[in-house]
Amino acid sequence: MDTSIVPTLPAVEGFLNQRHRSFIDGSQSSPAHGEGMDIFNPANAQVLAQVELADAAAVDAIVTSAHRAFTSGCWSKLAPAARERILLRFADLVEAHGEELAQLETLNQGKSIHLSRVVEVGASLNYMRYMAGWATKIEGQTLDVSIPMPENARFNAYTRREPAGVVAGIVPWNFPMMIALWKVIPALACGCTVIIKPADETPLTALRLAELAVEAGIPAGVFNVLIGRGAEVGPALVAHPLVNKVSFTGSTAVGKQVGIAALQNMTRFTLELGGKNPMLLLDDADLDKAVAGAIGGGLLNQGQVCAAASRIYVPARHYGRFVEALSAQVSALSVGAGMDATAQVGPLVSKKQQSSVLNYLEIARREGARFVTGDHPVDLPGYFVAPTVLADMQQRMTCIQEEIFGPVLSVVPYDNLEQGLQMVNDSRYGLTASLWSNDLGRVMELIPQIEAGTVWVNNHVPVDPNLPFGGYKQSGMGREFGRSAIEGFTELKSVCITY
């Protein structure tokens, strides 16, 4: 028996053996037609579970449920402290079922069980508890005004934040549980009701979260999950006239379609989109720390991270040594199933994503990239791609310009800092970037010049619930986390009283 394989909990087995449906009005509800779809385990390409798909006609039922719950006031009119207590109880239940949720996420998405435990569950718990506290801290302002008429009148003017209403949260497949909660918890803290549309490939943890939410005391209809093919039910959800806010995380191409559709009803929207994120090493950078940062920031979750470091700019005089050190460590990483506690690199989420990454690598080969490591197939049954380091890269190459979303690190030399900065900003994306240096003066000069929503220094990829997250350029519109999330799920109302 292989003792490195984490044994699957009976609760997980029981959940996987159910045939799952959309979660509407507090329970899983059978769709009108009940077309089935297989959910696959990325580690072995075998069927993991089955779901029944809602169609576009079923979207109206789920939106109507959320709208009914919102207008009833069963959630929005609760005292803020009551909402906070229920959301904290929800977090306690997620913690109590943490191993179950982590295993579901690993089996469904493919990521390391360690990552599921620490990030999908652990980081999500921190986020849930932090954001639950905002329920009692939503605030407006009192304002002095200089209105000249009517003569001798006095005025009391203030602003108040009110819940946006029905929120459609569209969630990607790379961090299905965590990103769902990024949308659910602040929306609920504000008094909204929520419909989560998980990615086609990874619906399981969203459904389990909805069950735990009801157990925590969140009323029926307040937290719903729509299971259906994104290409069919996604447009119907975004275009529904009773949806008041859309929060989308995913590719830039799909995000543009979501934004255009939302505008038809003037539905508010936030888009957290793709990235092609640079690391810029300065002359004094600690190369050992930068190598570790490139691996941690670039290969986390097999590179399936919107903020992942994927293009690395190194001073020419350090280039050879950096590439050699990076490749040596990347080539030593162990590849295996996410439930294998010894594996450091797991499978990609799907056969489709595996094919996409392999296609990018073939383009890199044709364009003249040098495969320092990773130029070989992985002899395992699932959707694996060997972690790859590409050298001899040029700025116009496809793998420098396009988001690959896989375990691929591209390294580019630069001759002077002006050239390096120009290459860092030479992208249609602007989600994140990192600087590697201990020269505080130069770092502080560079930070305002980098076109990215987040800039890390001597690190790459950590996020915090209190730190706004979002992108410049085609990496999105709006911000998540902290006060920014609260602003995104509320409408601002001005009040002016004459007396």
Side-chain angles (χ1 to χ4, degrees), residues 4-9 12 39-44 48 94-95 97-128 171-182 198-199 201-206 208-209 249 275 277 292-310 329-330 332-350 353-354 357 378 380 382-387 404-409 432 456 459-465 469:
S4 69
I5 304 299
V6 175
T8 305
L9 293 174
V12 173
I39 303 298
F40 293 92
N41 182 340
N44 57 23
L48 180 69
V94 169
E95 184 171 35
H97 293 268
E99 179 64 14
E100 174 191 343
L101 289 162
Q103 290 190 14
L104 277 175
E105 196 77 320
T106 289
L107 290 167
N108 190 182
Q109 198 276 339
K111 61 171 51 73
S112 165
I113 186 63
H114 303 301
L115 189 60
S116 290
R117 290 166 175 165
V118 172
V119 174
E120 295 278 10
V121 176
S124 293
L125 285 169
N126 291 339
Y127 181 86
M128 293 177 78
V171 177
W173 45 252
N174 57 336
F175 289 93
M177 174 174 155
M178 183 174 70
I179 295 178
L181 289 168
W182 286 359
E201 298 88 347
T202 52
L204 299 181
T205 47
R208 188 68 184 107
L209 286 172
T249 301
N277 309 290
I295 293 172
L299 299 183
L300 180 76
N301 197 23
Q302 293 66 255
Q304 298 169 125
V305 182
C306 60
S310 59
Q329 292 195 31
V330 170
L333 297 173
S334 59
V335 179
M339 293 292 277
D340 182 345
T342 65
Q344 296 168 293
V345 177
L348 300 183
V349 70
S350 65
Q353 185 61 18
Q354 179 194 42
V357 174
V378 177
L380 290 170
Y383 309 131
F384 292 89
V385 172
I404 300 173
F405 230 60
V408 181
L409 302 175
T432 71
W456 293 288
N459 206 334
H460 194 112
V461 102
V463 295
D464 184 88
F469 185 77

What's the spacing between [X] [atom1] and [Y] [atom2] if we round to 0.5 Å?
X      : Y      : atom1 : atom2 : answer
Glu120 : Leu101 : CD    : CG    : 9.5 Å
Glu201 : Asn174 : CD    : CG    : 10.5 Å
Gln302 : Leu115 : CD    : CG    : 8.0 Å
Leu107 : Leu48  : CG    : CG    : 5.5 Å
Leu104 : Glu99  : CG    : CD    : 10.0 Å
Asn277 : Cys306 : CG    : SG    : 7.5 Å

Between [Y] and [X], is there a side-chain heavy-atom distance shorter than 4.5 Å?
X      : Y      : result
Pro347 : Asn44  : no
Val305 : Phe175 : yes
Asn41  : Met339 : no
Met177 : Val94  : yes
Leu9   : His97  : no
Tyr127 : Met178 : no

**Item:** Heavy-atom donor-acceptor pair, Gln344 side chain to Ser334 backbone, under 3.5 Å
**Value:**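 Yes; judged by distance alone, with no hydrogens or angles, the pair exists.
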**Message:** Using only atom types and a distance under 3.5 Å, with no angle test, would you say the side chain of His460 pairs donor to acceptor with the backbone of Ala307?
**Reply:** yes
Restricting to non-hydrogen atoms, name the atom on [X] and the atom on [Y] that form the minimum distance, rounded to 0.1 Å.
X      : Y      : answer
Val335 : Leu380 : O-CD1, 3.9 Å
Pro407 : Leu348 : CD-CD2, 3.9 Å
Val349 : Pro42  : O-CG, 3.4 Å
Leu181 : Ser124 : CD1-CB, 3.7 Å
Pro176 : Val171 : O-CG1, 3.6 Å
Val357 : Gly406 : CG2-CA, 3.9 Å

**Message:** Thr202 vs Gln109, test: side chain to side chain donor-acceptor pair (under 3.5 Å). Steps then yes/no.
**Reply:** CA-CA 6 Å; Thr202 52; Gln109 198 276 339; over 6 Å; no
**Message:** Pair Leu299, Leu409 - check side chain to side chain contact (heavy atoms under 4.5 Å, CB included), show working.
**Reply:** CA-CA 8 Å; Leu299 299 183; Leu409 302 175; 4.1 Å; yes
**Request:** Show your working on side chain to side chain contact (heavy atoms under 4.5 Å, CB included) between Val345 and Phe384 and close with a plain yes or no.
**Result:** CA-CA 9 Å; Val345 177; Phe384 292 89; over 6 Å; no
**Prompt:** Can you list the steps and then say if Gln353 with Phe405 is a side chain to side chain contact (heavy atoms under 4.5 Å, CB included)?
**Reply:** CA-CA 8 Å; Gln353 185 61 18; Phe405 230 60; 3.4 Å; yes
**Item:** Worked verdict on Gln103 versus Ile113 for side chain to side chain contact (heavy atoms under 4.5 Å, CB included)
**Value:** CA-CA 7 Å; Gln103 290 190 14; Ile113 186 63; 4.0 Å; yes
